[in-house]
Visitor: 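Structure incoming, see below.
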Amino acid sequence: MTVSVAVMLSVSTLAACGSGSASTASAGSTSTADSKAASATSLSDFGTMDDLVKAANAEGALNVIALPHDWSNYGEVISAFKKKYPKIKVNESNPNASSKEEIDAIKTNAGTDAAPDVVDVGLAVAATSTQYFAPYKVQAWDSIPDSLKDSTGLYHAGYTGIMSVGWNKDKYGSISSLDDLLDTKFAGTVALNGKPAEAGAAFNGFLMANALSGGSLTNLQPGLDFFKNLKDKGNLTQVDVTDGTIDSGQTGVVFDWTYNQASYKKSLKSKGVDWEYKTFPKAQVVSYYNQAVNKEAPHPAAARLWEEFLYTADAQNLWLKGGATPVLLSAMEKDGTVDKDILADQTQLEGDTISYTNDDSTRITAWLQSNWDKTIGN
Amino acid sequence: MSSISANNGRPLERAVRSRAMSPARRRSLGTAAVTIPFFSYVAAFLILPTGIVIVGAFLSPTNAFTLDNFSKLTQANTLESFCTSILVSILSAVIGAIAGALVAYALVIGAKPDGVIRRIIVALCSVLAQFGGVMLAFAFIATIGINGVVTMMLQQFFHITVSPNWLSSLPGLITVYCYFQIPLMIITFLPAMDSIRPQWREASESLGANSWQYWTSVACPILLPRFISATLLLFANSFSAYATAAALFSQRSIIVPLMIQGAIRNEMDPGQQGFAQVLAFAMIVVVAVVMVLSHAFEKSFAKWQ
């Protein structure tokens, strides 16, 4: 109770602060629309798409967070949104924030204009942060597989990468199996993108190595043994992967999502380096990033318009172009809205995927917390 | 106090006194007002964050009171990080203190007090003592990292291969830390070296003491408290350093600040906010103890100045 009172107080203070600004005239008229927008759970609550666009235009802004332009092609996704809705100013903050930090931004900026309207978060964070989300079902709701969305619409999968190994082909030649990485030529240069018990990409990289080493979601020891072996050979580096470390050759082999590898490839090509990446049929690890609307979004209509936009064929094709597998891909293949040229160019899922529930991820994380540090080092 | 005593007087006296006091009181109010920016600064950037950390250490993810966060403090991983943190801080502080003190001594006997050499070195040290963070890490990566200039030269001309993981090892970290510890020691210890008066040496020599006796019985006892307090300062400086280590050890939490970062950023186990605050709380305790000790030694040095 006290929390909600505090929020109301801060909201009213803000409203008071803002009363001197130019928005005074529209403040009275949009206030009813705002509360309507904030409680809208689907497009029909606004009326038509035009009504939603009108309400979003009246708000005039959208706050997004943690969307690096080279991550799953978000740069083009954002500029396509801007082009389609030129009256909405997109405020991007802290592009390199982790999923956890996105939720922290909702908490610390609660009740202010700076709070993120929408978030793009990993499953573990999405499933444990539902109290911050507003339920909203996009028009394409029925095309999202049931296992990839919260049934009440609090969050829904957007896209996934496939876990892959990427490497500098000019320097190291080709790689056909994980065991190739134990060669001494890879001294100090093989990297996970983070620490498995902390970062989503590293967690999934671990699961891929585990699957290729003969493990499963319930038998994680083979994966750990592989990394221990890699470390004992002196090949594992624990430097964080950035474009900089890849450019400078500090990390020459990287376990990462296909959409990240695609952007490494693109940026390295201009520098004359052949960056190659591959996925393994027996270890198609996927983990969707989820979209959600902040319950107290400062721009509730724009937030919902953004969600609708992300689940259009245009935006899904842009994700696909960035090396990701968008959640509507199979639906789009059926109805023919997928961009065939882009599709032909992308790494496709082959065989069974390895995906896991939130309970699995909690259990595996706990296992890694107590075993990774002990074996690989703090 | 003055207002209370004024009220005790008889009415006339009170009136006279309060009239007499008012300009003084106004002055003291004015003096107090000048300090307001300072105290609000301290409140906003020191007291408030400390309070948030201490309160947060006792809160569960749902904001209820809990002691669970503290239970992780005694886990092997956490203890190891604390031990490594303290070890790195002690080693880099001791190396920095000894090397810095020797340089300070060399400057006092070898360079003129207002000479060019001394001024250049002091200026250089003031800059280098602040040269930390990502810049420092990058400077080392560019020099002796896997593709660093020196690494390449050693390989090309002498066929010596520097281990690519050396910078991300404890000896590597301590070496990097010494880069700012030694200059910091020089600038904090130089005034103490300067305060040793030549007359003391002359006096001890005229009483028949040799050099060894002068150093063990006169100079060292005087300098020791300042030396220890400066070493403690270096300890705290390295104990709280974060960005350099974060750039060199990005995926490991071998020291406590990195463990805090891990707990804050964690995507796979988001409920670790409280644990991060417990770690920060424990760091505050360590630094507070060090500062109290340092202050005590500093006081016993003060009588010689």
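A, B, ... follow the sequence lines: proteins, then strands. Residue 1 opens every chain. From a predicted model like this one, the values you see are computed outputs, not experimental measurements.
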Visitor: Are the side chains of B/Met268 and A/Pro196 in contact, using a 4.5 Å heavy-atom criterion?
Guide: no

Visitor: Looking just at side-chain N and O atoms, do B/Gln272 and A/Lys100 make a donor-acceptor pair shorter than 3.5 Å?
Guide: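 Looking only at side-chain atoms, A/Lys100 and B/Gln272 do not form any donor-acceptor pair under 3.5 Å.
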
Visitor: Can you tell me how far apart CG (A/Asp373) and CD (B/Gln75) are? Round to the nearest 0.5 Å.
Guide: 10.0 Å

Visitor: So that I can tick it off, tell me whether A/Glu198 and B/Arg265 are bridged by a salt bridge, with the cut-off set at under 4.0 angstrom between side-chain N and carboxylate O.
Guide: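 No, B/Arg265 and A/Glu198 are not salt-bridged.
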
Visitor: Please round to the nearest 0.5 Å and tell me the distance separating atom CG of B/Leu167 and atom OG1 of A/Thr237.
Guide: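 These two atoms lie 10.5 Å from each other.
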
Visitor: Decide if atom CZ of B/Phe138 counts as having more than 12 heavy atoms of other residues, nucleotides or ligands within a radius under 6.0 Å.
Guide: no

Visitor: Hydrogens and angles aside, do B/Glu267 and A/Ser98 bring a side-chain donor and acceptor to less than 3.5 Å of each other?
Guide: no

Visitor: State the CG-CZ distance between B/Asp269 and A/Phe203, to the nearest 0.5 angstrom.
Guide: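 With rounding to 0.5 Å, CG (B/Asp269) is 11.0 Å from CZ (A/Phe203).
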
Visitor: Does NZ belonging to A/Lys228 count more than 12 external heavy atoms closer than 6.0 Å?
Guide: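 12 or below, so no.
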
Visitor: Heavy-atom count check: over 12 atoms from other residues, nucleotides or ligands less than 6.0 Å from B/Phe65 CZ?
Guide: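 For B/Phe65, atom CZ is crowded (more than 12 foreign heavy atoms under 6.0 Å).
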
Visitor: Using non-hydrogen atoms and a 4.5 Å limit, figure out which bit of A/Gln131 sits close to chain B: side chain, backbone, both or neither.
Guide: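 Interface part for A/Gln131: neither.
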
Visitor: Rounded to the nearest 0.5 Å, what's the gap from OG1 on A/Thr245 to CD1 on B/Ile141? Could you check?
Guide: 9.5 Å

Visitor: Against chain A, label B/Leu248 side chain, backbone, both or neither, depending on which of its atoms sit under 4.5 Å from a heavy atom there.
Guide: backbone

Visitor: Does any heavy atom of chain B fall under 4.5 Å from the side chain of A/Ile103, the backbone, both, or neither of them?
Guide: neither

Visitor: Sub-4.5 Å heavy-atom contacts with chain B: which residues of residues 357-367 of chain A show up?
Guide: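 Hits under 4.5 Å: A/Ser361, A/Thr365.
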
Visitor: At a heavy-atom distance under 4.5 Å, which candidate from A/Thr189, A/Leu192, A/Val121 has the highest pair count against chain B?
Guide: A/Leu192

Visitor: Roughly how far, to the nearest 0.5 Å, is the CD1 atom of B/Ile264 from the CD atom of A/Glu101?
Guide: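 A/Glu101 atom CD to B/Ile264 atom CD1 measures 8.0 Å (nearest 0.5 Å).
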
Visitor: Of all of A/Ala199, A/Ala97, A/Gly122, A/Ser370, which one pairs up most often with chain B through heavy atoms under 4.5 Å apart?
Guide: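 Heavy-atom pairs under 4.5 Å are most numerous for A/Ala199.
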
Visitor: With side-chain contact (heavy atoms from CB on, under 4.5 Å) as the criterion, how do A/Ile376 and B/Arg252 come out once you've worked through the C-alpha distance, each side chain's angles and the decisive distance to 0.1 Å?
Guide: CA-CA 9 Å; A/Ile376 308 297; B/Arg252 300 171 63 190; over 6 Å; no

Visitor: For B/Phe70, does the CZ atom have more than 12 heavy-atom neighbours from other residues, nucleotides or ligands under 6.0 Å away?
Guide: yes

